[in-house]
Amino acid sequence: MAKKKSEDHSGGDANDSDYNEEPNFEDPPNFVDNISDEDLLGDMLAQRPSEADGVESVVVVDNIPKVEPVRLEKLKSVINKLFSHCGDIVNVVYPVDEEGKTKGYAFMEYKHAGMAEEAVKKLNNHRLDKNHTFAVNLFTDFQKYENIPEKWEPPTVQSFKVQNDLYNFINDPDAYDQYCVAAETSQNCVQVGFWQNVLPEPNELETRERFTDTFVKWSPLGTYVVTFHKPGVAIWGGSSFQKIQKFPHTGTQFVEFSPCENYLVTYGPTPTGQKIIIWDIRTGAEKRSFVADGMSVLSMFRWSHDDKYVGRMGDNSIHIYETPSFYLLDLKSIKIPGIRGFSWSPTDNVIAYWVEEQNQIPARVTLMEIPKKRETRNKNLFHVADCKLHWQKSGDYLCVKVDRYSKLKKDKKELDVKFLGMFYNFEIFHMREKEVPVDSVEIRELILAFAWEPIGNKFSIIHGEPNSANVSFYEVNKGVKPSLVKRLEKKSCTHLFWSPRGQFIVMANLTMGTFEFVDSTNDYIISASPDHFRASEVEWDPTGRYVVTGVSSWKVKEDTGFNMYTFQGRIIKRTILKNFVQFLWRPRPPTLLSEEKQKDIKKNLKKYYPAFEQKDRLRLTRASKELLEKRSQLRETFMEYRNKRIGEWKEQKSRRVMLRGHVDTDNLETEEVDEEVVEFLVKEEITLLE
């Protein structure tokens with residue numbers, strides 16, 4: 001370090017010469033420099049320019065159409081529209097040959113590198129048309145691929161990580177079902193508890209605070225539960241409900257799973273409508289997205305039973321997409337002028353759709369096989385106002401509810417149409433029979449509800465006035481028209497809920513909260529008629545043994561909670577829960593047993609009775625023992641408290657005697673006390689009557 005010149009040296013010439021001498025920076029003899037430039041100037045060298053500077057935000061788009069100069073502007077417009085969704089484009093270059101024809105690739109520069117990465121993620125392998133599929137890469141990737149080592153080295157072996165057992169919930173030896181209960185603790189904070197419906201009291205598996213912002217939803221096979229949050233949604237699973245995957249879609253309001261749980265569809269708002277994204281559940285990758293004009297609370301997509309196809313309705317067309325590419329089937333839509341609705345069979349790759357009346361051409365219901373697009377059955381319908389398609393869960397039957405009119409009244413401009421003399425038909429398609437015969441049932445009264453028996457050949461209808469309706473049960477058999485087997489008159493019900501296993505049905509009035517349990521195999525006898533005031537939910541468990549009715553805080557703010565009943569209507573449990581939101585049984589996947597094995601088990605069910613009865617007795621004995629121990633503990637606690645209070649009462653006797661004029665009132669015999677009634681005037685008023 002240089003020394004400061006002191007005042008003592010100010011007068012000496014020799015000292016002045018020392019400070020005027022030039023410093024020597026030469027290395028001493030035999031000096032070895034062992035310090036690298038990176039150690040000395042690492043921070044500065046990191047900022048030195050490189051060949052890749054300025055190209056991190058550039059993407060290379062290959063396999064674009066080779067077009068003439070006349071069509072170049074149209075091509076630029078189409079490609080710019082696609083790539084501008086990923087960010088702001090600052091520069092685009094389309095190399096051309098000597099004739100001005102594009103060479104089949106282009107360079108696009110975005111404002112930020114993150115936008116370029118988003119473009120690669122979303123538009124790589126994007127299919128522009130039948131002959132052109134984009135190959136989108138970052139410009140910097142070319143340098144990375146040029147530096148690939150010539151000698152291949154095997155990857156390092158990763159340690160095995162135990163994955164969550166997503167199906168442990170079906171391994172319970174006694175086949176107890178699970179359910180979840182959601183309750184709102186504060187605004188946008190919902191607590192969710194998971195329970196197992198064991199006897200005699202349910203067992204709490206897990207409770208999560210602030211688990212979701214709004215509500216939860218189970219996947220169709222019960223593998224996952226989805227939660228909703230501001231940035232998007234997440235799915236959870238396993239024995240301890242760990243996070244499996246998250247899907248970023250801001251403001252998601254509604255989701256739906258594909259039947260086999262391979263894909264998830266999220267619906268979220270945009271300034272002009274809503275955005276729909278289809279995700280791969282296993283990888284979390286976005287498969288395809290759509291933007292729809294206007295908001296809709298209904299699902300926009302319809303899935304085939306095996307997840308191979310997904311369809312949506314367009315203008316006079318149906319768009320069928322193949323999975324996992326999500327390209328249009330045969331790269332084109334199915335043109336159907338006047339189509340109003342369609343639905344997939346729950347067990348086969350068959351769609352049913354209906355077409356409205358047009359220019360004296362009757363309405364039509366059509367069955368079409370996919371992917372062949374072959375029409376297997378058509379049914380013409382006349383004087384049709386509306387149709388609803390109802391598939392039976394087993395796929396054996398299709399019911400088309402047809403709203404028909406006797407007269408049609410239009411204004412002069414034909415903008416306002418009124419249907420007069422309404423009546424209703426139910427067209428029953430027998431899907432398993434040759435040439436798909438169709439039967440018809442006509443009802444001249446207002447239809448309030450319709451429901452198929454999930455496993456069986458019956459359907460039920462509520463018709464008539466809402467406060468005094470009739471409930472009719474029909475049976476469908478091969479070769480004969482549907483027959484009316486029972487009619488229950490003057491019932492105030494609004495909804496029908498069949499057991500998942502068939503046979504039992506709940507007729508519910510979700511306005512008044514009244515319910516009637518009916519056994520369809522025992523002359524439709526009403527076994528019970530419980531009430532649950534303001535109940536707005538009815539949930540059957542997957543086995544058809546229990547029913548839950550709920551009063552949600554979405555409807556009312558007081559007396560929220562749920563009741564649990566047996567399939568015969570006997571009350572099991574009443575639960576009052578503040579700010580109760582929803583109750584959901586966990587679905588079960590279909591059995592792996594063959595139909596022959598199931599029939600054999602039902603046939604020889606008596607063989608299993610002794611084992612089941614022994615388990616029930618042990619369970620009841622264990623429950624009785626636990627109940628007795630609990631009662632004994634409560635009695636001991638009460639006696640301890642009672643003895644403590646008696647001791648205090650005895651200690652205070654002298655104080656009581658002094659306060660009562662030295663009279664011991666503890667031992668008075670109340671039987672010899674006479675009751676005396678004393679009356680006295682409290683107030684007297686005089687009122688003059690004119």
Side-chain angles (χ1 to χ4, degrees), residues 125-127 163-164 166-167 169-170 217-226 232-238 244-247 249 252 254-267 275-290 292 298-314 317-334 341-353 367-374 376 389-396 398 431 454 500 542 586-592:
N125 293 324
H126 176 80
R127 196 163 192 169
Q163 299 293 329
N164 291 323
L166 300 177
Y167 305 99
F169 68 99
I170 60 176
K217 182 177 181 178
W218 290 107
S219 59
L221 305 180
T223 309
Y224 310 105
V225 60
V226 61
V233 299
I235 59 173
W236 311 71
I244 306 299
Q245 196 67 262
K246 58 182 180 181
F247 306 94
H249 187 178
T252 300
F254 173 72
V255 301
E256 63 175 347
F257 287 87
S258 62
C260 298
E261 299 181 346
N262 292 318
Y263 304 100
L264 177 72
V265 186
T266 57
Y267 294 75
K275 184 177 182 180
I276 303 98
I277 304 177
I278 303 177
W279 308 85
D280 186 300
I281 289 180
R282 187 175 298 276
T283 63
E286 179 180 330
K287 303 300 292 185
R288 186 152 184 178
S289 62
F290 302 84
L298 299 178
S299 169
M300 182 176 164
F301 291 90
R302 303 286 185 270
W303 291 89
S304 64
H305 74 287
D306 54 4
D307 281 11
K308 287 186 177 180
Y309 308 99
V310 60
R312 68 182 181 94
M313 197 167 65
S317 63
I318 298 179
H319 307 297
I320 304 293
Y321 302 90
E322 294 182 280
T323 62
S325 66
F326 287 92
Y327 296 148
L328 282 171
L329 180 63
D330 298 333
L331 300 179
K332 59 182 179 181
S333 302
I334 304 174
F342 81 100
S343 180
W344 286 91
S345 165
T347 56
D348 304 285
N349 285 334
V350 174
I351 61 172
Y353 65 86
L367 301 177
M368 177 183 290
E369 290 182 350
I370 301 294
K372 296 180 180 180
K373 301 180 183 178
R374 183 172 64 91
T376 58
L389 306 174
H390 301 277
W391 284 96
Q392 191 216 24
K393 184 179 179 181
S394 302
D396 297 334
L398 167 67
M431 300 300 298
R586 187 171 193 171
R588 282 181 169 270
T591 179
L592 299 178

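Computed from a prediction, not measured in an experiment: that's the story for all the values here.
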Q: Check whether any side-chain heavy atom of Pro259 sits under 4.5 Å from a side-chain heavy atom of Asp307, and report yes or no.
A: yes

Q: Measure the shortest side-chain to side-chain distance between Lys217 and Val225 over non-hydrogen atoms and say whether it is less than 4.5 angstrom.
A: no

Q. Should Glu256 and Tyr267 be marked as a side-chain hydrogen bond (donor to acceptor under 3.5 Å, both in side chains) after you check the CA-CA gap, both sets of side-chain angles, and the distance that decides it?
A. CA-CA 9 Å; Glu256 63 175 347; Tyr267 294 75; 2.9 Å; yes

(Q) As a quick check of understanding, evaluate side-chain hydrogen bond (donor to acceptor under 3.5 Å, both in side chains) for His319 and Ser333, giving each step before the final call. (A) CA-CA 5 Å; His319 307 297; Ser333 302; 2.5 Å; yes

Q. Is there a side-chain contact between Glu369 and Thr376 (heavy atoms, below 4.5 Å)?
A. yes

Q. Between Tyr353 and Phe342, does the ring centroid distance fall short of 6.0 Å?
A. no

Q | Check: Leu166 and Tyr224 side chains under 4.5 Å, non-hydrogen atoms | A | yes

Q. Ring pair (Phe, Tyr, Trp, His ring centres under 6.0 Å) with Phe301: which of Phe290, Trp344, Tyr309, Phe326?
A. Phe290

Q. For atom OH of Tyr167, is the number of surrounding heavy atoms from other residues, nucleotides or ligands below 6.0 Å larger than 12?
A. no

Q. Got Val265 and Ile276 here, is their nearest side-chain heavy-atom distance under 4.5 Å?
A. yes

Q: Measure the spacing between CG of Asn262 and CD1 of Ile278 and express it to the nearest 0.5 Å.
A: 12.5 Å

Q: Assess whether atom NZ of Lys373 is packed by more than 12 heavy atoms of other residues, nucleotides or ligands within 6.0 Å.
A: yes

Q. Do Tyr263 and Trp303 have their ring centres less than 6.0 Å from each other?
A. yes

**Q.** His249 side chain reached by Lys275 side chain, heavy atoms, under 4.5 Å
**A.** yes

**Q.** Check: Ile318 and Ile320 side chains under 4.5 Å, non-hydrogen atoms
**A.** yes

Q. Looking at Gly222 and Glu261, what are the two nearest heavy atoms and their distance?
A. N-OE2, 3.4 Å

Q) Does Ile334 reach the side chain of Leu329, with side-chain heavy atoms less than 4.5 Å apart? A) no

Q: Measure across Ala292 and Met300 and return the closest heavy-atom pair with its distance rounded to 0.1 Å.
A: CB-SD, 4.2 Å

Q | Heavy-atom neighbours of Arg282 CZ exceed 12 at 6.0 Å | A | no

